Visitor: 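Below is a structure I'd like to ask you about.
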There are 2 protein chains.
Amino acid sequence: MLGVTTVSSTKLPMSERIERAALPLFARKGFEGTSLSKIAKCVGIKKPSLYAHFASKEDLFFAILQKVNRDYRDFLERQVQQHGDVTTEKQLYCLLKDHTTYLENEDLGLLFKRFMLFPPLVLRDTFNEQFIQSEEALTNVLLEVVQEGKRRGEIQADPDEVIDAYICLLDGTFEQLFYYSKVEHEQRLQNAWRIFWRGIHG
Amino acid sequence: MLGVTTVSSTKLPMSERIERAALPLFARKGFEGTSLSKIAKCVGIKKPSLYAHFASKEDLFFAILQKVNRDYRDFLERQVQQHGDVTTEKQLYCLLKDHTTYLENEDLGLLFKRFMLFPPLVLRDTFNEQFIQSEEALTNVLLEVVQEGKRRGEIQADPDEVIDAYICLLDGTFEQLFYYSKVEHEQRLQNAWRIFWRGIHG
DNA sequence: GTCTATACCGAGATAGAC
DNA sequence: GTCTATCTCGGTATAGAC
């Protein structure tokens, strides 16, 4: 049972307060499983007031999706700037860890992934487009890191293989966030990482 | 938009026909997104008739979940028997491929994974229990294969690391089923597999 | 076991006063 | 912009005839 968490930051514009209240609900109970009355209750307003800010439930949902996608790409950009001048091993490992932390702690991440895997059928096409943008951003980051690692001699394997294997590692460890405890997840991530690194390091 | 696919195997008992009709609907549109009227339409009966076979929507859903879990464990057992006497490399690779095929083609697999990741909150605890059983079955299979591979000298790495990395590989490739085309998925699986094998083969 | 009819509810959405 | 009141629709579920 989800408690009603009032979003109280009174300084924010109403539309933003609504989005922030709706996000965790959509993330946890899905699109069909989240009702406008519940959202309104979390914001602290009445249901019809929502329509002063969003044309429909789908409209609200889509606005949130866009924000989530942008936030993810911002996260990636921060990662690139943060870990400029270290070993390739550390770069890839830190990205894996930070990626996990990001998806673990933020409802943004939960929503992002939930609707990447199981979007409401109506919005499937529109959302796939958004997803591809984020995916490309990630691939670009990886490509740069891996090519640099290849130049430095830290990576032996073929870059395409490395990137695909790394994305698989990200997806796999992400999925496991849902059904392992924090400590068990950490353990599994470590083990999977070691095999991966041994596989590309040569 | 999902067309109405009538389940016509008249020889089956009604309860089974209902489950078979409901499964792909639950798998594709989720628990809340699937209505009893739609299910009834697919079976070719009227909505109230469902209640002669299941006490509630949740009841029907739960019956299906149990079947799905059993089917998955049966699949694993078949795998073990099928690939008894080949190289460890081939055993692990075939399991990866067959696992993918299983989850790709059967609505069973789709449902299994959807509600493993995002179960209806009410059923979370009950379902987690079921999941743990299936997860253990998989781990047992892997443990045997990996220990044998270690004895044969085909595997250099630590068995725990290998198993965790392999499950991560399974999870990652599974997740990618959702958003890559068949050919692209195949390519990515190959690449990820090669890195994995290099990482454990030594 | 299956049907028609219906109860009951909560959903998304709108009208119109303030 | 927010409210109360209300509309319409479709959901789960039940009653009771056949």
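No experiment lies behind these values; they were computed from the predicted model shown.
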Visitor: Does the side chain to side chain donor-acceptor pair (under 3.5 Å) test come out yes or no for A/Tyr93 and A/Asp98, once each step is laid out?
Guide: CA-CA 9 Å; A/Tyr93 179 74; A/Asp98 291 348; over 6 Å; no

Visitor: Using whole Å, what does the distance between atom P of nucleotide C/dA15 and atom CG of A/Leu50 come to?
Guide: 17 Å

Visitor: Against the six-membered ring of A/Phe62, is A/Lys57 placed for a cation-pi contact (under 6.0 Å from the centre, within 45° of the normal)?
Guide: no

Visitor: Nearest-Å distance, NZ (B/Lys29) to C1' (D/dG10)?
Guide: 13 Å

Visitor: Regarding A/Glu154 and A/Lys90, does a basic nitrogen lie under 4.0 Å from an acidic carboxylate oxygen?
Guide: no

Visitor: Nearest whole angstrom, please: distance from the C1' of C/dA13 to the CG of A/Leu60.
Guide: 14 Å

Visitor: To the nearest Å, how far apart are A/Lys38 NZ and C/dA11 P?
Guide: 10 Å

Visitor: Is the phosphate of C/dC3, meaning OP1 or OP2, less than 4.0 Å from a side-chain N or O of B/Ser49?
Guide: yes

Visitor: Let's go through A/Tyr179 and B/Asp171 carefully: what are the C-alpha distance in whole Å and the side-chain angles of both, what is the deciding distance for side chain to side chain donor-acceptor pair (under 3.5 Å) to 0.1 Å, and is it a yes or a no?
Guide: CA-CA 12 Å; A/Tyr179 43 78; B/Asp171 286 338; 3.0 Å; yes

Visitor: Between B/Lys46 and C/dC3, is there a contact of a side-chain N or O with OP1 or OP2 at under 4.0 Å?
Guide: no

Visitor: Measure from NE2 on A/His53 to C1' on D/dG1 and round the result to the nearest Å.
Guide: 6 Å

Visitor: Considering only D/dT2, C/dT2, C/dG12, which nucleotide approaches the side chain of A/Ala52 most closely?
Guide: D/dT2

Visitor: To the nearest Å, give me how far apart OH (A/Tyr51) and P (C/dA11) are.
Guide: 11 Å

Visitor: How close do B/His185 and B/Tyr180 get, counting heavy atoms only, and between which atoms?
Guide: N-CB, 4.1 Å

Visitor: Among the nucleotides D/dT14, D/dG1, C/dG12, which one has an atom lying closest to any side-chain atom of B/Pro48?
Guide: D/dT14

Visitor: Of the options C/dG12, D/dA13, C/dT2, whose atoms approach the side-chain atoms of B/Ser56 most closely?
Guide: D/dA13

Visitor: Distance check needed: D/dA13 P versus B/Ile39 CD1, whole Å only.
Guide: 11 Å

Visitor: Under 4.0 Å between any heavy atoms, over every strand shown, what does A/Thr34 touch: base, sugar-phosphate, or nothing? Just pick one.
Guide: sugar-phosphate

Visitor: Taking only side-chain N and O atoms of B/Ser35, does any of them lie within less than 4.0 angstrom of OP1 or OP2 on D/dG10?
Guide: no

Visitor: Measure from the side-chain heavy atoms of B/Leu36 and tell me the nearest of D/dT4, D/dT12, C/dG12.
Guide: D/dT12

Visitor: Nearest whole angstrom, please: distance from the C1' of C/dT14 to the CG of A/Asp59.
Guide: 16 Å

Visitor: To the side chain of A/Ile45, which of D/dT12, D/dC3, D/dG1 is closest?
Guide: D/dC3

Visitor: Determine whether a donor-acceptor pair (one donor, one acceptor, N or O, separation below 3.5 Å) exists between the side chain of B/Lys57 and the base of D/dG11.
Guide: no

